[in-house]
Structures are given as structure tokens and as C-alpha cells.
Amino acid sequence: MRNKTRESKGKAVVVGGSIAGVCAVDTLLSAGWEVVVLEKTTAPPTGSPTGAGVGLDPLSQTIIKSWLPHQQSDNLLNIHTYPSQSIRHLLNQAIDVEKKISRMLTRDESFNFRAAYWSDLHGLLYNALPPDIFLDVFQSFCVSDDKKSVKVQTKVVQTGNIVEFAGDLLVAADGCLSSIRQAFLPDLRLRYSGYSAWRGVLDLSGDENSDIFAGLQKVYQDLGKCLYFDLGSGTHAVLYELLNKKINWIWYINQPEPQVKGNSVTMKVNNNMMKKMQEEAEKTWVPELIRVISKY
Ligand SMILES: Cc1cc2nc3c(=O)[nH]c(=O)nc-3n(C[C@H](O)[C@H](O)[C@H](O)COP(=O)(O)OP(=O)(O)OC[C@H]3O[C@@H](n4cnc5c(N)ncnc54)[C@H](O)[C@@H]3O)c2cc1C
């Protein structure tokens, strides 16, 4: 474990080994804590359906760099080894639906962030951690009367046995439906943001002569260096390139809160919804963006 030689500051239990979990672990290890992670999935979520492109501002880049082994951190600014694209500018533009053209509204030259594919970034952080700190499924916890320690029950996946151990700090990185947060804040409900979103990553890396990519480059001339923010009426879209011709797009549509089942934040999509989405895209965006969206 990192920092083994330093005196331990205490023992932390991190529930959830996704992006927030691995970041918490890195922070705690760097600060001299002993850490165990309880993650219910047995493999790293490389194909995670949540999170496509993650934007890293300069401060996050510096912090991530401090967590990585030297060889990788030295290469942080080398886009061939660090899984992110350098996005220097941010461009807001309004889409003229009649003429199917875009007009620049504002351009930020010093945006200076990096865009990583969610699973690449998670993989990088996950692989930098000692493997022996990942344990089993979190079940329940209780806090001591003096509030100085916590007892956690976990289920061993292989045997199904329940084991209990103690820690000085409990980190709830178990997602937006966190059962730990639920215990402390039972009345807290997720709030609707006011829009629904379609999103995807179109991977054109295997297609050297992709006409979709060439078309995009004509209209989005700074693709690869710029994050595009397209505004339509009651709607907006974000488009940028992740490393290796992977096109990350998100299309936000302002609308009343849709009915989703239970606690879920996503809806089950059917062919009819996809068809409507594509028809709506035709009315809203420039043809080059429509081609990207239509691939879904
Ligand atoms: C459809 C969708 C699209 C998104 N797109 C983007 C995007 O493009 N860019 C972006 O930055 N963000 C995006 N987000 C948000 C992004 O997914 C989240 O911000 C990010 O994944 C949150 O990470 P997290 O670590 O907090 O939680 P999560 O990724 O939800 O991870 C929670 C972890 O806790 C584990 N866990 C839960 N309960 C237990 C338990 N009892 N025992 C053990 N382990 C447990 C889970 O297995 C999981 O690994 C999107 C979210 C959604 C829903």
C-alpha cells in the first residue's frame, strides 16, 4: 500500500470504487490513511453506461498528476499516453435552424481543459491503486456512540459470508442513490434538472477515411482543440473530440420531468423513442451533427 512507511493517520472505508471512489482513495492514500474499498461489481466498470467524456480543468489535472506513478505523471501532457485530449477553447454558438448554419456567440481562448473518456480515466486511476485494497459488497454500517469510529458489515462475494470490520472514517462514494447518504439524510430526494439528455460517444478511430469525421471538421473547424456548445430553441448540445477520433456528444432537451421507474435516473429507451429523437434532430441541428446523432 502507498505510504506504508509513514505512520497511519487512521483507517478509512470507502464504499464505491467508481470515479469518486478511486479519487477518494488516492486522496486518502496520499494523506497517509490506510484504505479499504467496498465495490460490489467484481470487475472495473470499463464499460460503464454512465459518464462518457469527463472534463478536467487545470486544477484537476494537477491533482491527478500527483496521484500517478512518476512514469505516467511525467507523461501527463503527452496525449498519447495520458488518455485525454487537450481542449484549449470553448465556443458558444447559436444554430440558425432555417439556414442550418451556426453563428458564433462567444469564444473563450483560455478554456484549457482536458477531455478524457470516462472509462479510460477510471482505468488509469484504478490501475494506479494497490489491488489488495478492493474488497466486497457493502451491506450496512453503524457509528459508535462517541462518533469516532464506524463498524461496517460486508458480504464476501465468493462465500456469501458476512464479515464486520471497523474504521475511523466512512466515505460514501456509492453513487447518486447512495444508501449511506440515505441513512443520514432520509428525506433528501434527487431533483430534476429541467432537461433530459441524449448522449453518446461515436468511435471513429478505426475509420481512417471517415466521411462523418471529415464533415464534422468542415463545420467544427477546431474539433480536437475546442468544446462546442450549440444553442437551439429550448435545447442545447455539447460536442467535442475525445482522444483518437472519439466524438462525445450530449443533447439536452428542456422538458417537464419524465416519469421514470423507482429511483432510476435513466429511462428505458425503445425504437419509437429513437425514431422520434432522430426526427427531432433533423429539425434542430446542422446536418453534420445530425449524422453523428443518427448513428444511434
Ligand atoms: C446517463 C448518464 C450520463 C452521464 N454522462 C456524464 C458525462 O458525460 N460526463 C460526466 O462527467 N458525468 C456524466 N454523468 C455523471 C457521472 O456518471 C457521474 O457523475 C459519475 O459516474 C459519478 O461517479 P460516482 O463515483 O459518484 O458514482 P457511480 O459512478 O454511480 O459509482 C457508484 C459506485 O458504487 C458502487 N456501489 C453502490 N452500492 C454499493 C454497495 N452497497 N456495495 C459496494 N459498492 C456499491 C457501484 O457499483 C458503483 O461502482 C452521467 C450520468 C448519467 C446517469
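For ligands, and for the atoms within them, numbers begin at 1 and follow the listed sequence. Count residues from 1 along the sequence.
With distances taken over non-hydrogen atoms, the option nearest atom 11 (O) of ligand 1 out of Gly53, Cys176, Gly200, Ser18 is Gly53. With distances taken over non-hydrogen atoms, the option nearest atom 38 (N) of ligand 1 out of Asn248, Asp174, Val54 is Asp174.
Heavy-atom separations between Ala173 and ligand 1 include at least one value shorter than 4.0 Å.
Under 4.0 angstrom from ligand 1, the non-hydrogen atoms of Arg199 all belong to its side chain. Contact annotation: for Ile19 versus ligand 1, heavy atoms closer than 4.0 Å belong to both the backbone and the side chain.
Aromatic ring orientation, Trp251 versus Trp285: perpendicular (interplanar angle above 60°, classes split at 30° and 60°). Taking the six-membered ring for Trp and thresholds of 30 and 60 degrees, Phe113 and Phe111 have ring planes more than 60 degrees apart, a perpendicular arrangement.
Under a 4.0 Å criterion applied to the non-hydrogen atoms of Gly16, ligand 1 contributes the atoms 33 (C), 34 (O), 35 (C). Residue-ligand proximity, Leu38 to ligand 1, at heavy-atom distances under 4.0 Å covers atoms 43 (C), 44 (N).
By the 4.0 Å N-to-carboxylate-O rule, Glu279 lies close enough to Lys275 to be salt-bridged with it. Checked for salt-bridge contact, Glu109 and Arg107 meet the test: a charged N lies under 4.0 Å from a carboxylate O. No salt bridge links Asp168 with Lys148; every basic N to acidic carboxylate O contact stays at or beyond 4.0 Å.
Taking any N or O of Phe138, backbone or side chain, at least one lies under 3.5 Å from an N or O belonging to ligand 1. Residue Glu39 places at least one N or O, backbone or side chain, under 3.5 Å from an N or O of ligand 1. For the pair Lys40 and ligand 1, the shortest N or O to N or O distance falls below 3.5 Å.
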Under 3.5 Å, which donor-acceptor pairs do the side chains of residues 211-220 form with other protein atoms, sequence neighbours left out?
unit_1, atom_1, unit_2, atom_2, d
Asp211, OD2, Arg291, NH2, 3.3
Tyr220, OH, Asp230, OD2, 2.7

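Grouped by direct or indirect side-chain proximity (heavy atoms under 4.5 Å, Ile/Leu/Val/Met/Phe/Trp/Tyr only), Val156 sits with Val163.
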